[in-house]
Amino acid sequence: MKYYIIAGEASGDLHGSNLMKALYQKDPNAEIRFWGGDLMQKTGGTLVKHYRELAFMGFIEVIFNLKTILNNIKSCKTDILAFQPDVIVFIDYPGFNMRIAEWAKALGMKTHYYISPQIWAWKENRIKAIKRDVDKMYVILPFEKDFYETKHHFPVDFVGHPLIDAIQNRTTIEAAEFRKENDLDDKPIIAILPGSRKQEITKMLEVMLSVVADFPEYQFVIAGAPSQEFSLYAPFLNNKNVRFISNKTYDLLSVSYAALVTSGTATLETALFKVPEVVCYKGSWVSYQIAKRIVTLKYISLVNLIMDREVVTELIQEDCNSKRIKAELQKLLDPINRNQVLAQYDLLEAKLGGSGASEKTATLITNYHS
């Protein structure tokens, strides 16, 4: 079978690569073209466009880059028509993917969506388009199945969260070897995960690193995104207690004692590695003002959303400042508070449905078309 997969950011690249591995196992004759990143490219198939050319964060940023986005949509449609896939698999990235799904469905193409758009957070009216344009939906968060089926009468398959597989299947490392290879000393590590987009990184790193002097007994290590150049991080590395490691986030988390994390998938990844974290987020003033008027969620981190209570502290916009970050980080370094957070992480993992998300999804896709 011929598969066309569209992922538009780093997390989609990770989950897309594992889905591709499972598809190749289920269908040895699979032909795959995709929009994604380095991980998907290493798995096989043909990379059409890298996600680093697609990721724009925030309302204002999207407006400024509208011409590029529209050109990408046009290019994607042209490539799909030339490839004539048996099925198109969309991975999250709804602003782009929902446009392609509407167009593809109108032409009679088969459309499958893996990792639902977060319409339970905002733009719930997208359910009309999903019902019209998506043949099969595979959801990864436990509350999403009830949201779709009970509230909107749209059948979906809950496959579990693919991060569990990604973390379980990774090659483990020796902490001492990792420290030596990356020129780290013996101090406990506080990981800094500032996101994968330029706008996030430049905005978040300054405030995240503003507390370094308050914790001289720890070393702070920035997790560099594979899609970004070292030059973006270089201005922040003038402190001997700040180090930088690129494209090794999982290895870094596996040896970290605590973390400061920008909201997104990284908050859940950090929790699954059992690293106590403070969630930090600052957007542009205009984007934030728009978002807080249309997003109806109590929390911004996946950890708290899944647990439906505050397990990790979220410092958003004005609260994301040196004073608050220092205070919340100090709490995480206290043994009693750490143990409370870690106990909640165990409950979180149990709610996520176990391993095998990629294999379940690949089986459902191939069986649907067999």
Side-chain angles (χ1 to χ4, degrees), residues 10-25 36-44 140 159-196 218-227 243-262 264-277 302-303 306 311-312 332-333 335 338-339 341-362:
S11 61
D13 179 39
L14 171 64
H15 303 322
S17 67
N18 287 325
L19 177 63
M20 287 170 63
K21 291 172 187 175
L23 285 172
Y24 281 129
Q25 290 177 347
D38 298 340
L39 296 175
M40 294 173 76
Q41 190 169 23
K42 289 177 183 177
T43 303
I140 64 172
V159 295
H161 206 293
L163 277 181
I164 294 176
D165 294 329
I167 291 171
Q168 287 180 348
N169 295 338
R170 59 179 286 275
T171 302
T172 57
I173 61 161
E174 291 291 335
E177 182 179 341
F178 178 78
R179 288 172 180 269
K180 183 178 180 180
E181 287 179 355
N182 294 282
D183 194 28
L184 304 178
D185 57 36
D186 293 331
K187 293 179 181 178
I189 294 170
I190 296 176
I192 305 292
L193 278 61
S196 61
Y218 294 85
Q219 58 187 321
F220 289 71
V221 183
I222 300 169
S227 58
R243 308 294 177 86
F244 172 81
I245 296 175
S246 182
N247 200 19
K248 296 180 182 178
T249 301
Y250 281 11
D251 289 346
L252 174 60
L253 286 174
S254 72
V255 299
S256 294
Y257 192 71
L260 302 178
V261 186
T262 298
T265 303
T267 63
L268 184 56
E269 292 172 317
T270 303
L272 291 174
F273 271 99
K274 307 300 169 64
V275 180
E277 64 187 296
L302 282 174
V303 175
I306 294 166
V311 173
V312 297
L332 291 185
L333 302 179
R338 286 182 60 79
N339 290 335
V341 172
L342 294 174
Q344 292 300 310
Y345 282 176
D346 290 339
L347 296 175
L348 168 73
E349 187 168 357
K351 291 189 72 169
L352 287 174
S355 60
S358 303
E359 290 76 11
K360 292 171 189 172
T361 305

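Fair warning: this is a prediction, and the values are worked out from it, not measured in the lab.
- The two residues P226 and N247 make their nearest non-hydrogen contact at CB-OD1, 3.5 Å.
- At least one side-chain heavy atom of K274 sits less than 4.5 Å from a side-chain heavy atom of D346.
- Distance check: D13 CG to L39 CG gives 4.5 Å after rounding to the nearest 0.5 Å.
- Side chain of Y250 to main chain of I167: no donor-acceptor pair is present (N/O by atom type, distance under 3.5 Å, no hydrogens or angles).
- Of the candidates Q168, H161, K360, S355 forms a side chain to side chain contact (heavy atoms under 4.5 Å, CB included) with just one, namely Q168.
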Kindly indicate, with the supporting measurements, whether the criterion side chain to side chain contact (heavy atoms under 4.5 Å, CB included) is fulfilled by L184 and V255.
CA-CA 11 Å; L184 304 178; V255 299; 5.7 Å; no
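- With hydrogens and angles ignored, the 3.5 Å screen pairs a side-chain donor or acceptor of R179 with a backbone N or O of D185.
- The OG atom of S246 lies 11.0 Å from the CD1 atom of I222; values are rounded to the nearest 0.5 Å.
- Atom CD of Q41 sits about 6.5 Å away from atom CG of D38, to the nearest 0.5 Å.
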Decide yes or no on side chain to side chain contact (heavy atoms under 4.5 Å, CB included) for I173 and K248, but give the supporting numbers first.
CA-CA 11 Å; I173 61 161; K248 296 180 182 178; over 6 Å; no
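- Contact detail for T43 and S17: the closest heavy-atom pair is OG1-CB, 3.6 Å.
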With side chain to side chain contact (heavy atoms under 4.5 Å, CB included) as the criterion, how do V275 and V261 come out once you've worked through the C-alpha distance, each side chain's angles and the decisive distance to 0.1 Å?
CA-CA 11 Å; V275 180; V261 186; over 6 Å; no
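- Here the closest heavy-atom approach between residue Y345 and residue T270 is recorded as CE1-O, 4.5 Å.
- To the nearest 0.5 Å, atom OG1 of residue T265 and atom NE2 of residue H15 are 5.5 Å apart.
- With rounding to the nearest 0.5 Å, the separation of CD1 in I192 from CZ in R243 is 14.0 Å.
- In terms of heavy atoms, E277 sits closest to T267 at OE2-O, 2.8 Å.
- L163 is listed as a side-chain neighbour of L14, based on a closest heavy-atom distance under 4.5 Å.
- Summarising the geometry of P276 relative to Y257, their closest heavy-atom pair is CD-O, 3.6 Å, with the distance given to 0.1 Å.
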Apply the test side chain to side chain contact (heavy atoms under 4.5 Å, CB included) to residues L253 and L193: give CA-CA distance (whole Å), side-chain angles for both, the deciding distance (0.1 Å), then the verdict.
CA-CA 10 Å; L253 286 174; L193 278 61; 4.3 Å; yes
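- Scanning all heavy atoms of the two residues, the minimum distance from S256 to I189 falls at OG-CG2, 3.5 Å.
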